[in-house]
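Below is one structure, written out as structure tokens; comments come after it.
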Amino acid sequence: MLRSKTCGELNKTDVSATVTLAGWVHRRRDHGSLIFLDVRDRYGITQCVVNATENERAHRTASDVRNEFVVQVKGIVRERPSGTVNKNLPTGEIEVVIGEIAILNESKTPPFYVNEDSEVDELLRMKFRYVDLRRPSRQRFIEVRHEFVKYLRDFFSARGFWEVETTQLIRSDPTGARDFIVPSRYFPGKFWALPQSPQQLKQILMVGGIDRYFQIARIFRDEDPRADRIYEATQLDVEMSFPERDDVMAIGEEAYTGALERFGRKPVWRKPWPRMKYDDVMDRYGSDRPDLRFDLPLVDVTDTFRGTKFQAFRAGVDAGAVKALLIKGQADVSRKGIDVMTELAKRRGGKGLVHIGLTAEGLRSPVAKFFSDDEQKDLVRRVGASLGDLILIVADAQAHTAARALGEVRDHLGTQLDLIDDTTYRCVWVTDFPVLDRTPEGGWTFAHNPFSGVLESDVHLLDTDPGAARSKQYDMVIDGREIGGGSIRIHKRALQEKIFALMGTPKEEAAQRFGALLDALEYGAPPHGGFATGIDRSVMLLTGTANIRDTIAFAKTQTGYDPLLDAPADVDPALLEQLRLRVLPPK
RNA sequence: GGUCCCGUGGUGCAGCGGCCUAGCAUACGUCCCUGUCAAGGACGAGAUCGCCGGUUCGAAUCCGGUCGGGACCGCCA
């Protein structure tokens, strides 16, 4: 090695040792005949010093050095003179007296600061990723991610799980997200797809008797990237044979509790994690990924308006629900604030948002005149409102639509009114999801994943009232983010085909698209189940960043462009010819 | 496909019809300086204000378009 020590490890016990360091010039402080060089590597920063009268040659080299030059410094560790100790630096009690210094490589002036944590345009950071990655704050993300993934590997290995890699070139399936596809050379005109998840493969591994499997798996989705979504995500994928639902949840919970406590920023709120049924979280929070860092529950006021003359609530009362939200002390909310919240409610399907302020003169609202005295009194009583409070109401013929619309407003208010208590990780399991959801066209689609088993008690409902049947699905939700989910799977072909049929996929089509799995279920498939979690989102949670691109080493823009590699790019026409592909001009 | 925000020396920001010959901080260059650690001091270089077009006597500033980035909706589990 070109170094004997790193820049982060020297301290008083090393005094008078001869050491060699190699790293980047973090900062140079030139006092004329005395020059300080802060040399930085992944491990830390060490101050090196050279004095012209003692070492003219080294002093001359040190004068030529600039920020981000790569240098090798050989010298003797010395305790710093009294009064010059830097308490901000782990190595601040010592310095290296430079005997020899070599410039291993020069550097252009970097396009942005490495030695301070200023905000820099993200495009520039992506283009110069190698510079950005040098910043200690960036390296922290990479380190946490590494430690987290290593921990997961150790955790599952220690519990008998084998890490199995699954093929990355699989069959495209038109459902779900848009596939990334790869042309085949031997089969011109046919394509592989990159996996959106190893779901079918891991189930097949269970049929193969692997018993316990995990993988840190790359998954690909060609949908527009967002602050918390990227083309290539990584997931922890786990599957086990012969488990009950609690066994899988317990192991996922143990893994994540351990990870949050080791690498996270704050303690875990409650152990064991609370579990909530889908219907209950929808009812109370208007979301299937409730943010429990603040309370602000939705209140059902359907009964208050049983006999109402207010037409906008009629459908909600008759078929769905009327949901309310009490916001303390916000009776004087601005028109603009109401407009913003109304927009949010409509985005989630709400027809509108009724607001009522409790003022000294009574209820202040554009629609208060439609409410009877009894309705007004009962509303105030039910939500527990007092003078100066604001009540928000959404009614809808679909109870879940009313809840979702108001739930969106609730999430908005959490940040807007600074209600969030971010001192613990609020982990919760959401269970008992419906098997099927209504499509806008009135048909059925799977609520989560078509392979999730159906609760034994609800199997009969598939024939009579499919929408009421609940699945063995469970979701891991932390601080209002869906981190992952899983289920006990269907392990018999007949039930799997029945689910597909309900979703409008006939037997023949299912056999074509999911043939391998369906066939496997006929050859002694054991009962099995598992879960998957997003590694990238988990690292966001651990580090507290709101930007998923912070959690990966190499990032792309919102259009999927890679400024570092200048990709995507044209390919050699000869390659297209081999693949029998022709590119059409852009629209 | 859509909505919103942003684009000014290397970087981060200010300026938002004439006082701009575009300001500040920092980085950069030269010189001075033996105890600094965001070192200090002096001097200096560096920008046709993303691009195209329009309005105007006059545009960084107003308008339209376009490109790029970001946040969001759609999409996505």
Side-chain angles (χ1 to χ4, degrees), chain A residues 26-40 45-54 59 63 66-68 78 80-89 91-92 95 97 108-128 131-132 175-179 196-197 199 219-231 233 235 288-289 340 343-344 346-349 408 412 430 433 437 440 445-450 452 473 475-477 481-487 531-534 537 546-547 549 555-559 561 563 587:
Chain A
H26 188 68
R27 209 167 248 127
R28 186 172 69 105
R29 287 179 297 281
D30 187 343
H31 291 234
S33 44
L34 186 70
I35 297 175
F36 296 99
L37 295 181
D38 289 343
V39 180
R40 182 197 69 238
I45 293 173
T46 298
Q47 172 169 292
C48 303
V49 61
V50 63
N51 182 324
T53 58
E54 288 168 10
H59 179 268
S63 305
R66 293 295 180 269
N67 282 351
E68 299 309 310
R78 173 169 77 187
R80 291 198 190 183
S82 64
T84 65
V85 166
N86 185 346
K87 290 192 201 70
N88 300 321
L89 228 52
T91 61
E95 62 192 2
V97 183
K108 288 182 167 180
T109 300
F112 48 86
Y113 306 106
V114 177
N115 53 19
E116 63 180 77
D117 248 329
S118 46
E119 287 290 313
V120 181
D121 178 61
E122 222 181 323
L123 186 69
L124 197 68
R125 284 178 36 212
M126 288 185 212
K127 189 171 165 66
F128 294 93
V131 175
D132 193 37
T175 55
R178 190 179 302 111
D179 280 322
Q196 296 183 28
S197 95
Q199 179 68 32
I219 57 169
F220 304 86
R221 297 196 177 103
D222 190 3
E223 299 292 351
D224 292 359
R226 289 282 164 76
D228 62 348
R229 265 165 33 192
I230 39 184
Y231 276 169
Q235 71 180 34
D288 58 4
R289 40 169 192 78
V340 168
E343 203 45 51
L344 289 170
K346 284 183 173 170
R347 190 194 288 172
R348 280 283 168 272
E408 186 77 5
H412 165 75
V430 179
F433 284 81
D437 254 354
T445 182
F446 51 92
H448 259 74
N449 138 357
S452 290
Q473 167 82 25
D475 268 9
M476 181 189 286
V477 176
R481 289 170 186 277
E482 189 196 325
I483 291 302
S487 65
F531 68 94
T533 60
R537 285 187 184 182
N547 181 349
R549 296 178 296 276
K556 294 177 171 59
T557 69
Q558 209 164 59
T559 54
Y561 175 66
K587 274 184 190 166

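Hydrogens, waters and symmetry mates play no part in the numbers below; they use all other heavy atoms, side chains included. Convention: sequence-line order gives letters A, B, ...; per-chain numbering from 1.
- Rounding to whole angstrom units, CZ of residue R289(A) and P of A77(B) are separated by 15 Å.
- Pair assignment for C13(B): G23(B), on the basis of Watson-Crick or G-U wobble contacts that are both within less than 3.5 Å.
- One finds a side-chain N or O of Q196(A) lying less than 4.0 angstrom from the OP1 or OP2 phosphate oxygen of A77(B).
- M476(A) places its CE atom 19 Å from the P atom of A77(B), with the value rounded to the nearest Å.
- Within the shown strands, C43(B) is the pairing partner of G29(B) under the Watson-Crick or G-U definition, both distances less than 3.5 Å.
- Across all strands shown, C75(B) forms no Watson-Crick or G-U wobble pair with both key distances under 3.5 Å.
- Closest to the R221(A) side chain, of the nucleotides U36(B), A77(B), A27(B), is A77(B).
- Across all strands, P81(A) comes closer than 4.0 Å to base atoms (heavy-atom distances).
- Between the side chain of E116(A) and the base of U26(B) there is no donor-acceptor pair of N/O atoms closer than 3.5 Å.
- Of all nucleotides present, none satisfies the Watson-Crick or G-U wobble test against A38(B) with each distance under 3.5 Å.
- Dashed line: the shortest gap from a side-chain N or O of R226(A) to OP1 or OP2 of C73(B) is under 4.0 Å.
- For the C1' atoms, the distance linking G74(B) with G18(B) amounts to 46 Å, nearest Å.
- In terms of position along RNA chain B, the nucleotide closest to E122(A) lies nearer the 5' end than the nucleotide closest to the other residue of the pair E223(A) and E122(A).
- Only the C1' atoms considered, G15(B) is 15 Å distant from U21(B), to the nearest whole Å.
- Taking atom CG on L124(A) and atom C1' on G50(B), their separation rounds to 14 Å, with Å as the unit.
- A sub-4.0 Å separation between OP1 or OP2 of C72(B) and a side-chain N or O of R348(A) is absent.
- Contacts of R28(A) with the nucleic acid, taken as non-hydrogen atoms under 4.0 Å apart, are absent.
- At a threshold of 4.0 angstrom between heavy atoms, the contacts of E119(A) are confined to the sugar-phosphate backbone, with no base atom among them.
- The base of G74(B) sits within donor-acceptor range of the side chain of D224(A), with an N or O pair under 3.5 Å.
- V85(A) comes within 4.0 angstrom of a base, heavy atoms only.
- Taking atom C1' on both nucleotides, U8(B) is separated from C49(B) by 4 Å, rounded to a whole Å.
- Using a 4.0 Å cut-off, some side-chain N or O of R29(A) falls inside it from OP1 or OP2 of A39(B).
- In this structure, the CZ atom of R347(A) is 11 Å from the C1' atom of C4(B), given to the nearest Å.
- Straight-line distance from the NZ atom of K108(A) to the P atom of G10(B): 13 Å, rounded to whole Å.
- When atom types are taken as modelled, the side chain of R27(A) and the backbone of N115(A) share a donor-acceptor pair closer than 3.5 angstrom.
- Electrostatic pairing of D132(A) and R125(A) counts as a salt bridge here, judged by a charged N lying under 4.0 Å from a carboxylate O.
- Residue L89(A) is classed as having no contact, given no heavy-atom separation below 4.0 Å to the nucleic acid.
- G44(B) and G69(B) are spaced 40 Å apart, taking the P atom of each and rounding to whole Å.
- In this structure, G58(B) forms no base pair with any nucleotide, since neither Watson-Crick nor G-U wobble geometry is met with both distances under 3.5 Å.
- Rounded to a whole angstrom, the distance from the P atom of C73(B) to that of C28(B) is 41 Å.
- Listed nucleotides C76(B), U11(B), G35(B) differ in distance to A177(A); the shortest reach to its side chain belongs to C76(B).
- Side-chain atoms of D475(A) do not come within 3.5 Å of backbone N or O of V477(A) as any donor-acceptor pair.
- Comparing the P positions of U61(B) and U56(B) gives a spacing of 16 Å, expressed to the nearest Å.
- The P atoms of G53(B) and A59(B) are separated by 14 Å, rounded to the nearest whole Å.
- Taking 3.5 Å as the limit, the base of U11(B) and the side chain of R125(A) contain no donor-acceptor pair of atoms between them.
- The nearest heavy atom of RNA chain B to N88(A) and to R66(A) marks one nucleotide each, and the one closer to the 5' end goes with R66(A).
- Using a 4.0 Å cut-off, no side-chain N or O of T84(A) falls inside it from OP1 or OP2 of G35(B).
- Computed from coordinates, the E95(A) CD to U34(B) C1' distance equals 12 Å when rounded to whole Å.
- Counting atom types as modelled, R80(A) pairs a side-chain N or O with a base atom of C37(B) as donor and acceptor under 3.5 Å.
- In this model, the phosphate group of A71(B) is approached by a side-chain N or O of Q558(A) to a distance below 4.0 Å at OP1 or OP2.
- Rounded to whole Å, the distance from CG on L123(A) to P on A71(B) is 13 Å.
- Phosphate proximity of C28(B) to N67(A): present, with a side-chain N or O under 4.0 Å from OP1 or OP2.
- Using a 4.0 Å heavy-atom criterion, one finds that E54(A) contacts no nucleic acid atom at all.
- Looking at R29(A) and Q47(A), their side chains come closer than 4.5 Å, going by heavy atoms from C-beta outward.
- In terms of polar N and O atoms assigned as donor or acceptor, the side chain of R78(A) comes within less than 3.5 Å of the base of G35(B) in a complementary pairing.
- Within 4.0 Å (heavy atoms only), G484(A) reaches no atom of the nucleic acid at all.
- Using a 4.0 Å cut-off between charged nitrogen and carboxylate oxygen, R40(A) and E68(A) count as a salt-bridge pair.
- Here the nucleotide nearest the side chain of T557(A), chosen from G69(B), U34(B), G35(B), is G69(B).
- For T109(A) and G10(B), the shortest distance from a side-chain N or O to OP1 or OP2 is not below 4.0 Å.
- Proximity of a side-chain donor or acceptor of H26(A) to a complementary backbone N or O of T46(A) within less than 3.5 Å is not detected.
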Report all side-chain donor-acceptor pairs from residues 219-230 of chain A shorter than 3.5 Å, counting only partners two or more places apart or in another chain.
residue: R221(A); atom: NH2; partner: Q196(A); partner atom: O; Å: 3.0
residue: E223(A); atom: OE2; partner: R178(A); partner atom: N; Å: 2.9
residue: R229(A); atom: NH2; partner: D224(A); partner atom: O; Å: 2.8

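- No donor-acceptor contact under 3.5 Å links the side chain of Y561(A) to the base of G69(B).
- Close to A77(B), at under 4.0 Å from its OP1 or OP2, lies no side-chain N or O of R537(A).
- At a cut-off of 3.5 angstrom, counting only N and O atoms as typed in the model, there is a donor on one side and an acceptor on the other between the side-chain of R229(A) and the base of C76(B).
- Counting all heavy atoms, side chain and backbone alike, S197(A) lies closest to Q235(A) at CB-NE2, 3.8 Å.
- Within the structure, every side-chain polar atom (N or O) of T53(A) is placed at least 4.0 Å from both OP1 and OP2 of U34(B).
- Only the C1' atoms considered, G68(B) is 32 Å distant from G29(B), to the nearest whole Å.
- Remark: C1' of A77(B) and CG of D475(A) are 8 Å apart, rounded to the nearest angstrom.
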Evaluate side-chain contact (heavy atoms from CB on, under 4.5 Å) for R28(A) paired with I35(A), printing each intermediate quantity in order.
-> CA-CA 7 Å; R28(A) 186 172 69 105; I35(A) 297 175; 4.0 Å; yes

Could you walk me through whether T53(A) and S33(A) pass the side-chain contact (heavy atoms from CB on, under 4.5 Å) check?
-> CA-CA 7 Å; T53(A) 58; S33(A) 44; 5.5 Å; no

